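Each remark here refers to the structure printed beneath this line.
Remember, it's a predicted structure, so these values are computed and weren't measured experimentally.
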Amino acid sequence: VRAHREILLARTLVALGEFDDARTLAMRALADAKLSGSPRSEADALRQMGMALDGLHRPEDSIEQLEQARRHYESLGLTDGLAAVDNAVARLLARIALSEPDPDQQAVRLDEALQRSSRSLDYVDRLLGKVSAPELRAWYGASYRDYYQAHIDLLLQRNGIDANPGNRYVSEALSTSERARARMMMDLLNEASVDLQREIDPGIAAEMEELIDKLSTSSERRERILTEGGVNDHARGELTALSEEIAFIENQLALKQLELRRANHHYRALTAPHTVTVSALQRLIASDSIMLQYFLADERSFVWVVTDDAVHVREIAGSEIINAAAARLIASLSTPNRYPVAGIEQRDALRSISELVLQPVADLIGARRVIVVADGMLNYLPFHTLLLAESDEDRALLDTREVVTLPSMSVLAALIERREDEDAPRSIAIFADPVFNLTDPRLVSVNGRRPVARTQSESEREWATRPVLS
């Protein structure tokens, strides 16, 4: 227990930049772990020691400690530890490569880093494949986004020193971007393709039905207390008990869903989601189209420009700068454009984000149709309104081109394949967040004041006198 506590403290000190204290604490944790006979704690202590040495600018010593930790993780079969160590070693090797004066040695170091980074992503895929719950898998996958980011950086760094630059590393970086974004979406598509109610165990079905009945009864009781008003101490205590009971039942239902997934042989047959290759992606792009695929990262972001016969990549600003500009545009668009100052702010915000994400690739956008695969805050932008400088004039993208937005090209390929294999269901899903009443905080009048809510009788009179369509 003491070793585990010291490891957690060492990790916190590393995050705070207190590397000397972190190293001392990790060494103490290592000694305690050996005394208690805990190989997992030994591995974790060695890993934190390596991270502390990295912060102290001792990369070779850091790699030595991390490699020792890796041997422990490998003997224990701990995939998460192996992924973390390989990712850390890849970053260290890349940093060492930058200090190499000889370009050939730089290339050797970067190739080693790429090998370790690629292996760490394989471990991540293996980890995600073990998680049954799609919500948990999505959260877990998002926590590894920086692994994909590091691999993309390595590939484009390697491309920069390639003696015969071509599309190899650029294309591999695009594949990694697609792998990072499409994983969760493809998971959801695969999940939707499996009917969990088939082959259901009668015992599990009966237990789930009983739980659903209990959930319905408890929820109705809670709603009745809330709507009756005048909550006293007794009712408040009953509400607390009901809330705890509802949370417990919902957790039990979630566990039963996991049992269904594990028992269903169709679900077990699902492997790691397949993402489309670059060559297959290019076959999806018509000759009159061009795809812009974005990947936002902390220090620098990237946009790939893909046609049916070429792949280019351009570096753009980091995510903090882009997110701030995107948030500014979104805020300006949500403000009624009834005053000159509001219109000026919108145009300035539009010009600012356009210069960051569109102008760097303006010379490559010659096609009639532009396919946008956005990332992060860019998903909230109306890309068709962004400005493109042409003939000394800023024009909205939609003025001269058709604009199509997609979540992922792999998702598009999967949907096309399924459409060819089976008839599409005659149903649609609509997602909305409407304003239902005048007290909604999003509803603000032109003068900045919130409208006065009407009484129930006034609302009823308006409903009674509403026009009826015949």
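At least one donor-acceptor pair closer than 3.5 Å links the side chain of Ser354 to the backbone N or O of Leu350. A distance-only check finds a donor-acceptor pair linking the side chain of Arg314 to the backbone of Pro360 [under 3.5 Å]. Checking side-chain atoms of Ser301 against main-chain N and O of Ala317 turns up a donor-acceptor pair under 3.5 Å. No donor-acceptor pair under 3.5 Å is formed between the side chain of Ser62 and the backbone N or O of Arg58. In this structure, Asp54 contributes its side chain and Gly50 its backbone to no donor-acceptor pair below 3.5 Å. A donor-acceptor contact shorter than 3.5 Å is absent between the side chain of Tyr123 and the backbone of Leu78. Between the side chain of Glu345 and the backbone N or O of Ser332 there is no donor-acceptor pair closer than 3.5 Å. A donor-acceptor pair under 3.5 Å is absent between the side-chain atoms of Thr176 and the main chain of Ile152, judged by distance alone. Judged by distance alone, with hydrogens and angles left aside, the side-chain atoms of Arg401 form a donor-acceptor pair with the main-chain N or O of Ile365 at under 3.5 Å. Looking at Asp21, its side chain never comes within 3.5 Å of a backbone N or O of Glu18 through a donor-acceptor pair.
The two residues Leu333 and Gln346 have their closest heavy-atom pair at CA-NE2, 4.0 Å. The heavy-atom pair separating Tyr148 from Ala180 by the smallest distance is CG-CB, 3.6 Å. Leu358 and Leu387 get closest at one heavy-atom pair: CD2-O, 3.6 Å. The two residues Pro407 and Val373 come nearest to each other via the heavy atoms O-CG1, 3.7 Å. When all heavy atoms are compared, the tightest approach of Ala69 to Leu46 is CB-CB, 3.8 Å. For Ala22 against Leu13, the heavy-atom pair with the smallest separation is CB-CB, 3.7 Å.
Taking a cutoff of 4.0 Å between a charged side-chain nitrogen and a carboxylate oxygen, Lys34 and Glu42 do not qualify as a salt bridge. Between Arg168 and Glu172 there is a salt bridge, with a side-chain nitrogen of the basic residue lying less than 4.0 Å from a carboxylate oxygen of the acidic one. Under 4.0 Å is where a charged nitrogen must lie from a carboxylate oxygen, and between Asp20 and Arg23 no such pair does. Ion pairing of Asp146 with Arg91 is present here, as a side-chain N (NZ or NE/NH1/NH2) and a carboxylate O approach within less than 4.0 Å. A salt bridge is absent between Arg283 and Asp308; no separation between the charged side-chain nitrogens and carboxylate oxygens falls under 4.0 Å. A salt bridge links Glu60 with Arg109; the closest basic N to acidic carboxylate O contact falls under 4.0 Å. Of the charged side-chain nitrogens involved, at least one lies within less than 4.0 Å of a carboxylate oxygen, so that Glu74 and Arg70 count as a salt-bridged pair. In summary, Arg145 and Asp375 engage in a salt bridge, as defined by a charged side-chain N under 4.0 Å from a carboxylate O.
The closest side-chain heavy-atom distance from Thr400 to Arg395 is below 4.5 Å. The shortest distance between side-chain heavy atoms of Ile353 and Arg328 does not fall below 4.5 Å. Contact annotation: the side chain of Gln293 approaches that of Ser177 to within less than 4.5 Å [non-hydrogen atoms, C-beta and beyond]. Counting heavy atoms from C-beta outward, Val372 and Leu406 have side chains that stay 4.5 Å or more apart. Under the 4.5 Å side-chain criterion, counting only non-hydrogen atoms from C-beta, Leu92 is in contact with Leu66. Residues Gln106 and Asp104 form no side-chain contact, since every pair of their non-hydrogen atoms from C-beta on lies 4.5 Å or further apart. Taking the side chain as every heavy atom from C-beta outward, Ile7 and Ser41 approach each other to under 4.5 Å. Ile212 is listed as a side-chain neighbour of Leu253, based on a closest heavy-atom distance under 4.5 Å.
One side chain, Glu178 or Ser408, offers a donor N or O that lies under 3.5 Å from an acceptor on the other. For the residue pair Asp44 and Tyr73, a side-chain donor N or O sits within less than 3.5 Å of a side-chain acceptor on the partner.
Between Trp304 and Phe295, the two ring planes are perpendicular [angle over 60°; tilted spans 30° to 60°]. Ring geometry for Tyr147 against Tyr144 counts as perpendicular: the plane angle is over 60°, on a 0 to 90° scale with 30° as the lower cut.
At most 12 non-hydrogen atoms from other residues, nucleotides or ligands lie less than 6.0 angstrom from CD of Glu320. Shown here is Arg95, whose CZ atom has more than 12 heavy atoms of other residues, nucleotides or ligands within 6.0 Å. With a 6.0 Å radius and a threshold of 12 heavy atoms from other residues, nucleotides or ligands, Gln115 has its CD atom at or below the threshold. Other residues, nucleotides and ligands place more than 12 heavy atoms under 6.0 Å from the CD atom of Glu393.
Rounding to the nearest 0.5 Å places CG of Asn379 at 10.0 Å from CE of Met377. Atom CD1 of residue Ile321 and atom CG of residue Leu296 lie 11.5 Å apart, to the nearest 0.5 angstrom. Atom CZ of Arg119 sits about 4.5 Å away from atom CG of Asp86, to the nearest 0.5 Å. If you take CD on Gln359 and OG on Ser352, they are separated by 12.5 Å, rounding to the nearest 0.5 Å. The line from CZ of Arg369 to CD of Glu402 is 4.5 Å long, rounded to the nearest 0.5 Å. To the nearest 0.5 Å, the span separating CD1 on Ile322 from CZ on Arg300 amounts to 13.0 Å.
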- Test side-chain contact (heavy atoms from CB on, under 4.5 Å) applied to Thr385 and Leu397, step by step: CA-CA 6 Å; Thr385 66; Leu397 200 58; over 6 Å; no

- Message: Under the criterion side-chain contact (heavy atoms from CB on, under 4.5 Å), I'd like the reasoning laid out for Leu211 against Glu250: C-alpha separation, chi angles, the key distance, then a yes or no.
- Response: CA-CA 8 Å; Leu211 286 169; Glu250 288 175 341; over 6 Å; no

- Message: Test side-chain contact (heavy atoms from CB on, under 4.5 Å) on Glu64 and Asp61; report intermediate values, then the result.
- Response: CA-CA 5 Å; Glu64 182 182 347; Asp61 292 335; 4.3 Å; yes

- Task: Apply side-chain contact (heavy atoms from CB on, under 4.5 Å) to Arg179 and Asp125, showing your working.
- Result: CA-CA 10 Å; Arg179 184 178 175 184; Asp125 279 340; 2.7 Å; yes

